[in-house]
Asks: 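First the structure, which I've put down as structure tokens, then a few questions once you've had a look.
Note that the structure is a prediction, hence the values are computed from the model and not measured. All heavy atoms count here, side chains included; hydrogens, waters and symmetry mates do not.
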Amino acid sequence: IKLIDHTILQCGSITFKGTDIIPNDQTKLSIEFEFPYSSPPVVVTEVHTTAIGDTVMGTSVYNVTTTGADIYLYRTNSTTTVVSWIAYGL
């Protein structure tokens, strides 16, 4: 979505499959933006769970570029987990 002030807003979700998750460590998956930005956007994540602080320790974003980013998930077991993300910038 392109806003009146020319800010581009994109969102999506990524599934960390149980077989991909490393228990008690960070697991990384990469996303690609449908439309590239002119400079790296701000990216925010939200994990879909009721177990924050129990088995899901958190999610984070790293290596944000104009075309994508790396999303990390840290959980104590290998249960399949969905993480939503939103990116905004110019």
Asks: Please report the interatomic distance CD1(I14) to CG(L29), rounded to the nearest 0.5 Å.
Replies: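 Between I14 CD1 and L29 CG, I get 4.5 Å after rounding to 0.5 Å.
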
Asks: Which pairs of donor and acceptor atoms, one on a side chain in residues 83-90, lie under 3.5 Å apart (sequence neighbours left out)?
Replies:
unit_1 : atom_1 : unit_2 : atom_2 : d
S84    : OG     : H48    : NE2    : 2.5

Asks: Would you name the heavy atoms of F16 and T27 that are closest together and state the gap between them?
Replies: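 The pair with the smallest heavy-atom distance is CE2-O, 3.3 Å.
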
Asks: Please name the pair of heavy atoms, one in T79 and one in I21, separated by the smallest distance, quoted to 0.1 Å.
Replies: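 That would be O-CD1, 3.1 Å.
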
Asks: Nearest 0.5 Å, please: how far is OG1 in T80 from CG in N77?
Replies: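 That separation rounds to 10.0 Å.
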
Asks: Below 4.5 Å, heavy atoms only, C-beta onward: do P41 and V64 meet side chain to side chain?
Replies: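 Yes - at least one pair of side-chain heavy atoms lies under 4.5 Å apart.
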
Asks: Does L3 have any side-chain contact (heavy atoms from CB on, under 4.5 Å) partners at least two apart in sequence or in another chain, and if so, which?
Replies: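 L3 satisfies side-chain contact (heavy atoms from CB on, under 4.5 Å) with I1, D5, T7 once adjacent residues are dropped.
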
Asks: Cluster question for you: counting only ILVMFWY and a side-chain heavy-atom cut-off of under 4.5 Å, with indirect links fine, are L73 and I22 together?
Replies: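 No; I22 is not reachable from L73 via cluster members.
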
Asks: Output side-chain donor-acceptor pairs under 3.5 Å for residues 52-63, partner residues at least two apart or in another chain, one line each.
Replies:
unit_1 : atom_1 : unit_2 : atom_2 : d
T55    : OG1    : R75    : NH2    : 3.3
T59    : OG1    : Y72    : O      : 2.8
N63    : ND2    : D70    : OD2    : 3.3

Asks: Which other residues belong to the hydrophobic cluster containing F35, where Ile, Leu, Val, Met, Phe, Trp and Tyr are joined when side-chain heavy atoms lie under 4.5 Å apart, directly or via other members?
Replies: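 For F35, no cluster forms, as it stays isolated from other hydrophobic side chains.
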
Asks: Can you pull the side-chain hydrogen bond (donor to acceptor under 3.5 Å, both in side chains) pairs that have at least one residue in residues 32-44, sequence neighbours excluded?
Replies: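 Only Q10-Y37 qualify under side-chain hydrogen bond (donor to acceptor under 3.5 Å, both in side chains).
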
Asks: Could you work out, with side-chain contact (heavy atoms from CB on, under 4.5 Å) as the rule, every residue matching N24, not counting sequence neighbours?
Replies: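 Checked N24 against side-chain contact (heavy atoms from CB on, under 4.5 Å); matches are Y74, T76.
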
Asks: Side chains of T81 and T15: does their closest heavy-atom pair fall under 4.5 Å?
Replies: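 No; the side chains remain at least 4.5 Å from each other.
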
